[in-house]
Undergrad: 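Got a structure for you, written out below as structure tokens; questions coming shortly.
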Protein chains: 2
Amino acid sequence: MTQTRTRPDRGRSALGPALELVHTGRAPTRAVLTAELGVTRATAGAVAAELQGLGLITVDSSPSTAGAQGRPSHRLAVDPAGPVVLAAQVHTDGFRAALVGLGGRVVATAPGCGPVEADPAQVLGEVVAAGRRLLEESGRRCVGAGLAVPSAVAEPEGTALNPLHLPWAPGAPVREVFRRCLADAGISAGADDGVAANDVNLGALAEHRHGAGRGARQLLCVATGHRGVGGALVVDGRLHTGSSGLALEVGHLTVDPEGRACHCGGRGCLDVETDPLALLEAAGRRPGPEVSLLHQAIDLLRTEYHADPAVRAAAHRLVDRLALGLAGLVNILDPDRIILGGLHRELLRFDGDRLRAVLDGRSLWGRGKTFAVLPCSLDHNSLVGAAELAWQPVLDDPLRVQVV
Amino acid sequence: MTQTRTRPDRGRSALGPALELVHTGRAPTRAVLTAELGVTRATAGAVAAELQGLGLITVDSSPSTAGAQGRPSHRLAVDPAGPVVLAAQVHTDGFRAALVGLGGRVVATAPGCGPVEADPAQVLGEVVAAGRRLLEESGRRCVGAGLAVPSAVAEPEGTALNPLHLPWAPGAPVREVFRRCLADAGISAGADDGVAANDVNLGALAEHRHGAGRGARQLLCVATGHRGVGGALVVDGRLHTGSSGLALEVGHLTVDPEGRACHCGGRGCLDVETDPLALLEAAGRRPGPEVSLLHQAIDLLRTEYHADPAVRAAAHRLVDRLALGLAGLVNILDPDRIILGGLHRELLRFDGDRLRAVLDGRSLWGRGKTFAVLPCSLDHNSLVGAAELAWQPVLDDPLRVQVV
DNA sequence: TTACTTTGTGCCTCTGTGAAACAAAACAGG
DNA sequence: CCTGTTTTGTTTCACAGAGGCACAAAGTAA
């Protein structure tokens with residue numbers, strides 16, 4: 001009997017790694033690409049030419065402002081006219097859609113307000129419709145789609161496990177619904193086109209590839225959205241999602257045994273002690289209904305942190321608890337970099353010294369000296385992360401863009 | 001100018017994965033090897049023949065007791081006469097040396113008693129000498145050496161960061177000392193021959209490859225030695241050591257805010273609340289000096305758990321605290337399997353229902369149903385793990401055995 | 001200008017692996 | 001016992017990815 005292998009052809013095996021290097025900006029020239037891939041110049045040249053032929057990167061052989069000795073190297077860059085992916089995000093107050101090219105470049109964005117409906121199909125239908133409009137306006141080719149949701153997403157099922165701050169039922173099959181919406185809108189090509197993941201996880205992935213997390217080997221991200229706290233860990237460039245997608249759901253770490261009651265049944269959880277509502281209440285402010293809690297909390301810090309001692313005390317209170325939670329994570333995970341997002345980023349900016357001091361004091365075995373704490377650096381990092389996820393098949397095998 | 005690539009030749013690229021499949025018992029026949037590698041029968045045959053030629057595996061084409069239809073497949077197995085690695089372990093009461101073949105087969109063992117000297121070179125010199133005697137007696141070829149120590153080991157420095165229960169100074173360069181001892185004994189071939197890591201980490205690795213952790217995607221191990229508590233996480237077959245080797249050093253998780261004082265400065269740490277000494281004291285027993293605390297504690301459980309209510313109550317106390325610590329880890333790491341070693345294994349055996357109940361009650365979002373809790377299944381799992389680490393270069397590129 | 005350095009390109013070769021056809025070793029059924 | 005079926009091992013051929021090498025190209029340094 002004849003025998004056919006089950007796995008698909010690898011194609012040029014250095015193609016994927018090469019595209020990833022250009023995508024993340026680690027291969028600005030062909031010479032660097034040669035070194036990073038560990039191949040000969042001939043191979044690197046062939047690979048670059050093939051990626052250029054696929055319309056994914058540009059190879060610029062024009063006079064570069066080199067200044068160095070020897071023949072100047074051709075400059076490599078992501079093709080700004082290349083294909084895009086559709087990135088979508090659902091959050092507590094609405095949704096966002098965007099087109100994102102390689103290199104994490106956001107090409108177009110469309111916001112949408114809430115409230116988020118109880119039926120995921122309704123919201124995702126609107127997001128996808130917005131994305132479709134963006135695609136039509138831009139006239140660009142779409143090679144994938146990714147969705148960020150404020151909930152852990154189980155793999156391989158693609159279900160939202162704990163959409164605590166959305167009116168969705170736990171276990172909602174968000175990925176399948178998303179795929180159906182894509183198919184209905186005529187966007188997706190195959191049935192496995194369209195991926196979904198947790199927003200903080202995706203934000204961490206984006207920061208690792210294009211932002212403040214570049215080069216980190218063990219990147220811990222903690223962020224508040226409008227409600228609740230999320231965490232993520234990127235190890236050697238890959239998301240650590242745990243066995244069921246619930247890893248790093250750090251919202252219910254205890255950071256104050258006598259703290260306020262949490263809907264999880266515990267007391268003094270990171271979630272209720274360090275989110276925007278906690279800051280407003282600690283400062284004695286009544287949250288207004290007009291704008292999001294996150295914006296109210298950030299505004300409060302920006303306008304009154306230096307003026308009002310009560311606001312400063314409230315910030316201190318949150319920072320102490322945040323640092324306690326981070327110290328627990330540091331002692332278990334041993335990251336080399338920590339990135340804070342949302343309100344936590346602002347707390348770091350206004351009260352970073354205190355955060356660092358508490359954190360160092362609680363880190364065992366002098367670990368405090370081994371990691372940096374940074375604010376997140378990308379706008380829309382969850383969107384960019386959703387795009388990363390959508391790009392992944394292409395990064396793994398760039399030849400897909402011509403097949404699809 | 002001519003151009004030579006920097007990376008070494010890959011050789012036959014399926015060679016390493018093939019050896020690993022046989023090594024871990026996942027490829028008992030050539031047909032299975034073909035399927036697991038995802039290559040054609042021709043390739044699998046060539047690979048198996050090459051590994052056989054290297055003296056690493058045996059290919060048995062004799063009449064197998066098949067029973068199934070079709071031509072019986074050749075049976076693959078680790079060559080019992082193949083090369084070995086030297087595995088060494090230092091613990092609080094002494095050391096152990098062993099020769100370990102592929103497949104985690106312990107070929108020979110030599111124990112050594114304590115006390116452990118303050119100078120690492122002295123202890124490691126003794127271990128290596130014991131290993132050398134084993135090698136001479138057996139007459140087998142040695143292709144690597146690994147060392148397990150009761151401390152986190154920093155990479156890439158190879159220093160013992162927190163040898164809390166040994167008289168060694170933090171930061172002792174154990175790997176370099178180990179390598180020097182190997183060189184002095186004429187065992188090692190190259191300068192990079194000889195690796196060192198934490199004992200619980202290595203135990204987890206061994207359990208994952210050859211024991212109760214087989215097939216787990218996210219394996220969490222927690223174990224007590226004679227003193228203290230260690231943890232480890234194996235993700236997709238690789239140890240999660242963190243950025244400085246201190247990940248999963250879980251001994252100082254707080255499991256009882258009003259618990260006893262710990263030398264780390266905290267209170268109620270897992271370390272002091274669930275180790276052998278804690279059980280003896282909770283049961284109102286005075287620890288004797290004759291045998292190790294671990295043996296005294298295990299003996300106490302075995303002989304009096306069912307007879308003495310005070311012992312049962314002490315076990316309950318430890319189990320509750322252990323479960324609390326595990327729940328915290330589960331909620332952050334989301335493992336699909338947990339393996340307990342040392343005294344914790346005995347607590348699981350005698351009081352498993354209670355452990356499981358507390359653990360499930362504390363696991364958020366119904367995660368309790370997604371993981372198993374098992375006792376560790378290998379004798380000397382730290383030794384076998386040290387051997388795994390030593391074997392790794394050969395598993396990555398089996399052609400090394402002929403070069404060395 | 002000339003020498004030197006670094007990078008890009010064309011050509012040949014090597015090697016790992018797939019594809020296909022065939023042989024071998026078991027079982028099932030007459 | 002013979003024949004057909006199923007599964008596995010073996011042989012042969014071919015192809016593609018990547019290395020090795022020589023040479024060309026494009027800068028800087030003197």
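Numbered from 1 within each chain, the chains take letters A, B, ... in sequence-line order.
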Undergrad: Measure up the His23(B) and His210(B) rings against each other and bin them: parallel (under 30°), tilted (30 to 60°), perpendicular (over 60°).
TA: perpendicular

Undergrad: Using only heavy-atom distances, decide whether a donor-acceptor pair under 3.5 angstrom links the side-chain of Arg71(A) to the base of dT7(C).
TA: yes

Undergrad: To the nearest Å, give me how far apart CD (Gln52(B)) and C1' (dG9(D)) are.
TA: 14 Å

Undergrad: At 4.0 Å (heavy atoms only), tell me whether Ala42(B) reaches a base, stays on the sugar-phosphate, or touches nothing.
TA: base

Undergrad: Take the protein atom CG of Leu37(B) and the nucleotide atom P of dG16(C), then report the distance between them rounded to whole Å.
TA: 15 Å

Undergrad: DNA chain D: Gly45(B) or Val47(A), which has the more 5' nearest nucleotide?
TA: Gly45(B)

Undergrad: OP1 or OP2 of dG8(C) less than 4.0 angstrom from a side-chain nitrogen or oxygen of Ser61(A), does that happen here?
TA: no

Undergrad: Take the protein atom CD of Glu50(A) and the nucleotide atom C1' of dA18(D), then report the distance between them rounded to whole Å.
TA: 13 Å

Undergrad: Is it true that atom CZ of Arg238(B) has more than 12 heavy atoms of other residues, nucleotides or ligands lying nearer than 6.0 Å?
TA: no

Undergrad: Can you list, by residue number, the residues of residues 16-30 of chain A that have a non-hydrogen atom closer than 4.0 angstrom to DNA chain D?
TA: none

Undergrad: Given side chains that start at C-beta, do those of Leu51(B) and Pro398(B) come closer than 4.5 Å, heavy atoms only?
TA: yes

Undergrad: Under 4.0 Å from OP1 or OP2 of dG19(D): is there any side-chain N or O of Thr43(A) that close?
TA: yes

Undergrad: Considering only side-chain heavy atoms of Thr40(A), which listed nucleotide, dG9(D), dA25(C), dG19(D), is closest?
TA: dG19(D)

Undergrad: Output the rounded distance in Å from CZ (Arg41(B)) to P (dT8(D)).
TA: 7 Å

Undergrad: Are the side chain of Ser243(A) and the backbone N or O of Pro335(B) linked by a donor-acceptor pair below 3.5 Å?
TA: yes

Undergrad: Considering the options Val106(A), Val143(A), Leu99(A), which one meets the side-chain contact (heavy atoms from CB on, under 4.5 Å) requirement together with Val84(A)?
TA: Leu99(A)

Undergrad: For the CG atom of Asp397(B) and the CG atom of Leu19(B), what is their distance to the nearest 0.5 Å?
TA: 10.0 Å

Undergrad: Leu33(B) CG to dG9(D) P: how many Å, rounded?
TA: 10 Å

Undergrad: Mapping Ala31(B) and Gln69(A) to their closest nucleotides on DNA chain D, which lands nearer the 5' end?
TA: Ala31(B)

Undergrad: Specify the separation, in whole Å, of atom CG of Asp60(B) and atom C1' of dT8(D).
TA: 15 Å

Undergrad: Can you find a side chain N or O atom of Thr34(B) that sits less than 4.0 Å from OP1 or OP2 on dT8(D)?
TA: no

Undergrad: With a 4.0 Å cut-off, would you call Glu388(B) and Arg209(B) a salt bridge?
TA: yes

